[in-house]
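First the structure, in the form of structure tokens, and then the observations on it.
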Amino acid sequence: MAPISALLASSEHSQRAILDAIEQQFQLTDDALVTITKQFLEDFRLGLGEYNHPMAMIPTYVTGVPNGSETGTFLALDLGGTNLRVCEVQLKGNHDFTLRQQKYRVSEALKTGEATALFDYLADSVDAFLTETASSPTSAPADPFASSSSSLDYLEGNSAAIPLGLTFSFPVEQTALNEGKILTWTKGFSAKNAVGHDVVKLLQDAFDRKHLHVRCVALVNDTVGALLSRAYSAGDCLLGAIFGTGTNGAYLEKVENITKLGNSAARQRGGHMVVNCEWGAFNNSRTTLPTTPFDNKLDRESINPRLQAFEKFISGMYLGEITRNILLALVDAAPRPLLFNGKASRELNQHYGLDTAVMSEIEEAWENGRVPTSGKAEGVDGASAIDTVGVATESKTNDSLSHFTAVEELSAEDQARLERIRSIIIQRLSMDAADVSLRDAAVVRWAASLVARRAAKLSGSAVAAIMVQTGHAKLGGGYVPKEDRFVIGVDGSLIEHYPNFNARLRESVRTLIGEEVEKKIELGMAKDGSGVGAALGALEATKHGL
């Protein structure tokens with residue numbers, strides 16, 4: 001960690017030393033990545049063996065994944081915040097599906113009132129959606145699938161109930177595919193007489209009170225949904241991972257390894273089961289994660305100090321705040337400020353005032369049209385897009401960003417890119433143009449790249465750990481898999497939109513488990529995991545007669 005005296009900037013040499021010291025704190029050596037991945041594997045073992053560990057490793061009771069040949073019409077209900085969403089998903093059997101959906105707003109009174117009122121509202125929303133869908137001549141399926149009912153059955157009063165999958169984005173202790181006890185409310189919800197009760201039963205009771213021909217048969221979270229959705233579109237999937245506002249992963253584990261299931265019927269059946277890692281809570285003790293003073297400040301000021309440690313290092317909710325902390329330290333450096341003439345704006349002074357989307361915009365402005373020299377682009381990785389049918393193209397990153405502050409030595413094209421970044425800073429952070437130089441723009445880009453690169457590399461550690469845990473790779477490389485591909489379904493704004501996030505993640509995976517395995521990994525966007533994934537959970541349930 002940089003000494004406190006490093007914030008005393010009295011000369012050009014000491015200013016350079018401050019920036020170098022900050023950069024050093026954000027570097028992840030290969031050895032550090034290996035240590036982190038080993039800790040992941042140890043936490044997997046602990047969570048699979050016992051309950052009540054921070055990385056919970058929750059059995060989901062999803063024991064199979066779709067291959068894209070399945071057909072049927074299923075409902076999905078997605079509750080996770082201010083809005084709830086009702087979807088009707090028609091699986092076509094050719095890796096494709098159609099989806100109709102409607103959003104309904106959840107009032108503050110419903111969030112904090114009696115649970116029966118909230119779940120009655122959910123049932124009323126499903127009722128309204130089915131009525132609208134079935135009464136629309138364009139919504140009725142041309143060839144209703146035999147494996148499930150359609151929305152027309154609901155209106156016509158047919159006895160067969162429409163199967164529904166529920167995406168419930170709150171902590172639950174799942175005990176079956178269609179059972180899960182609410183542990184606590186989050187996100188502003190505090191509905192009374194719900195905690196400790198089975199969320200599926202609460203919803204089904206509401207359906208029954210309303211005399212709806214709907215049966216809640218599956219409970220899934222968005223990460224499990226991402227895995228199921230990607231499996232349907234790609235024909236297979238090993239891991240579903242979210243890299244967005246938050247982060248989590250769910251993967252296929254051998255049931256025999258989930259020893260905390262004891263001698264339960266689920267364990268005796270064997271096979272594989274999807275496990276929800278809840279890896280946002282990895283290493284809450286921070287004994288392994290590379291904490292900096294900027295991370296400590298974020299954690300101390302957060303609503304959940306000492307919790308969700310991994311998430312605070314890599315998710316979109318927090319990256320902007322870590323970057324803001326770096327920038328403010330440079331603004332406040334004494335006796336001479338290192339940024340913005342020592343000035344700050346309302347956004348810079350506001351908690352979470354720097355959105356991660358602004359970081360993405362800054363990095364995009366730098367990368368746009370830029371061709372790396374010898375595979376290196378001033379320390380920023382080569383461009384890379386999410387691949388859906390093969391390995392992404394990326395160039396080897398250059399971890400050293402020094403010494404970017406010598407802007408006069410940059411090419412005219414790079415100086416023009418910094419000018420675009422300067423404009424973004426002035427506009428997005430409401431800075432006075434007179435206080436933002438090209439050098440300041442270079443410093444802001446540097447800070448954003450430090451934080452985002454570390455996040456992507458740590459994300460790669462989680463992916464590599466899953467590959468080792470499932471027996472498809474060996475830490476350190478040298479393993480030659482017999483499989484042609486490993487499908488990973490991903491979702492979230494970082495992996496989909498943040499420049500170079502995928503390339504940096506892949507480089508980390510390659511470092512940890514070798515190119516032989518990494519090149520066979522197919523990262524593909526999971527289409528609407530919380531909607532389509534919930535419907536596929538309902539499909540899984542119907543296969544088991546639920």
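Side-chain atoms of Ser360 never come within 3.5 Å of backbone atoms of Ala357 as a donor-acceptor pair (strictly under, hydrogens ignored). Of the possible polar contacts, one joining the Lys520 side chain to the Pro481 backbone as a donor-acceptor pair under 3.5 Å is found. The backbone N or O of Met273 lies less than 3.5 Å from no partner atom in the side chain of Lys254, so there is not a single donor-acceptor pair. Distance alone, capped at 3.5 Å, places no donor-acceptor pair between the Thr71 side chain and the Lys92 backbone. A donor-acceptor contact shorter than 3.5 Å is absent between the side chain of Asp43 and the backbone of Met55. In this structure, the side chain of Gln90 does not engage the main chain of Leu99 through any donor-acceptor pair within 3.5 Å. Listed for the Glu70 side chain is a donor-acceptor partner under 3.5 Å among the backbone atoms of Asn67. Of the possible polar contacts, one joining the Thr167 side chain to the Ser530 backbone as a donor-acceptor pair under 3.5 Å is found. Between the side chain of Ser229 and the main chain of Gly529, no donor-acceptor pair closer than 3.5 Å is present. Side-chain atoms of Thr131 come within 3.5 Å of backbone atoms of Asp127 as a donor-acceptor pair (strictly under, hydrogens ignored).
Every residue two or more places apart in sequence or in another chain that forms a ring pair (Phe, Tyr, Trp, His ring centres under 6.0 Å) with His472 is listed here: Phe486. In terms of the side chain to side chain donor-acceptor pair (under 3.5 Å) criterion, residue partners of Gln308 (sequence neighbours excluded) are, by chain and number, Glu311. Applying the side-chain contact (heavy atoms from CB on, under 4.5 Å) criterion to Asp491, with sequence neighbours excluded, gives Ile242, Met525. In this view, Thr247 and Trp279 satisfy the side chain to side chain donor-acceptor pair (under 3.5 Å) rule, not counting sequence neighbours. Here Ser315 pairs with nothing under the side chain to side chain donor-acceptor pair (under 3.5 Å) rule; sequence neighbours left out. Residues meeting the side chain to side chain donor-acceptor pair (under 3.5 Å) test with Asn248, sequence neighbours left out: Thr223, Asn276. Remark: Ser190 engages Thr112 in a side-chain contact (heavy atoms from CB on, under 4.5 Å) (not counting sequence neighbours). Every residue meeting the ring pair (Phe, Tyr, Trp, His ring centres under 6.0 Å) condition with Phe40, not counting sequence neighbours, appears here in chain and number order: Phe44, Phe282, Phe310. Residues that satisfy the side-chain contact (heavy atoms from CB on, under 4.5 Å) test with Lys201, not counting sequence neighbours, are Asp198, Asp205. Considering only residues two or more places apart in sequence or on other chains, Tyr232 meets the ring pair (Phe, Tyr, Trp, His ring centres under 6.0 Å) condition with none of them.
Checked against Arg510 for a salt bridge (Lys or Arg N to Asp or Glu O under 4.0 Å), the options Glu516, Glu515, Glu518 give a single hit: Glu518. Partner Arg485 forms a side-chain contact (heavy atoms from CB on, under 4.5 Å) with one of Leu238, Asp236, Ile521 and no other, that one being Asp236.
When all heavy atoms are compared, the tightest approach of Val463 to Leu239 is CG2-CD2, 4.3 Å. Considering every non-hydrogen atom in both Ile258 and Val275, the closest pair reads CD1-CG2, 3.7 Å. Annotation for Leu219 and Gln174: closest pair O-NE2, 2.9 Å, computed over non-hydrogen atoms.
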* To do: Verify side chain to side chain donor-acceptor pair (under 3.5 Å) between Gln101 and Glu88, making sure each step is shown before the conclusion.
  => CA-CA 6 Å; Gln101 61 179 322; Glu88 182 179 77; over 6 Å; no
Exercise. Determine, step by step, whether Thr259 and Asn257 satisfy the side chain to side chain donor-acceptor pair (under 3.5 Å) criterion, reporting the C-alpha distance in whole Å, the side-chain angles of both residues, the deciding distance to 0.1 Å, and the verdict.
Key: CA-CA 5 Å; Thr259 56; Asn257 292 336; over 6 Å; no
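Salt bridge Lys312/Asp295: absent, no basic N to carboxylate O contact under 4.0 Å. One finds no salt bridge joining Asp208 and Arg215 here, because no Lys/Arg side-chain nitrogen approaches an Asp/Glu carboxylate oxygen to under 4.0 Å. Ion pair Asp78/Lys103 not flagged as a salt bridge, since none of the NZ, NE, NH1 or NH2 atoms sits closer than 4.0 Å to an Asp/Glu carboxylate oxygen.
Within 6.0 Å of the NZ atom in Lys260, the count of heavy atoms belonging to other residues, nucleotides or ligands exceeds 12.
Every pair passing ring-ring contact (aromatic ring centres under 6.0 Å, His included) that includes a residue from residues 187-210 is listed here, sequence neighbours excluded: Phe170-Phe189, Trp185-Phe189. Each side chain to side chain donor-acceptor pair (under 3.5 Å) pair with one or both residues in residues 261-274, not counting sequence neighbours, would appear here, but there are none.
No side-chain donor-acceptor contact under 3.5 Å links Gln102 and Tyr104.
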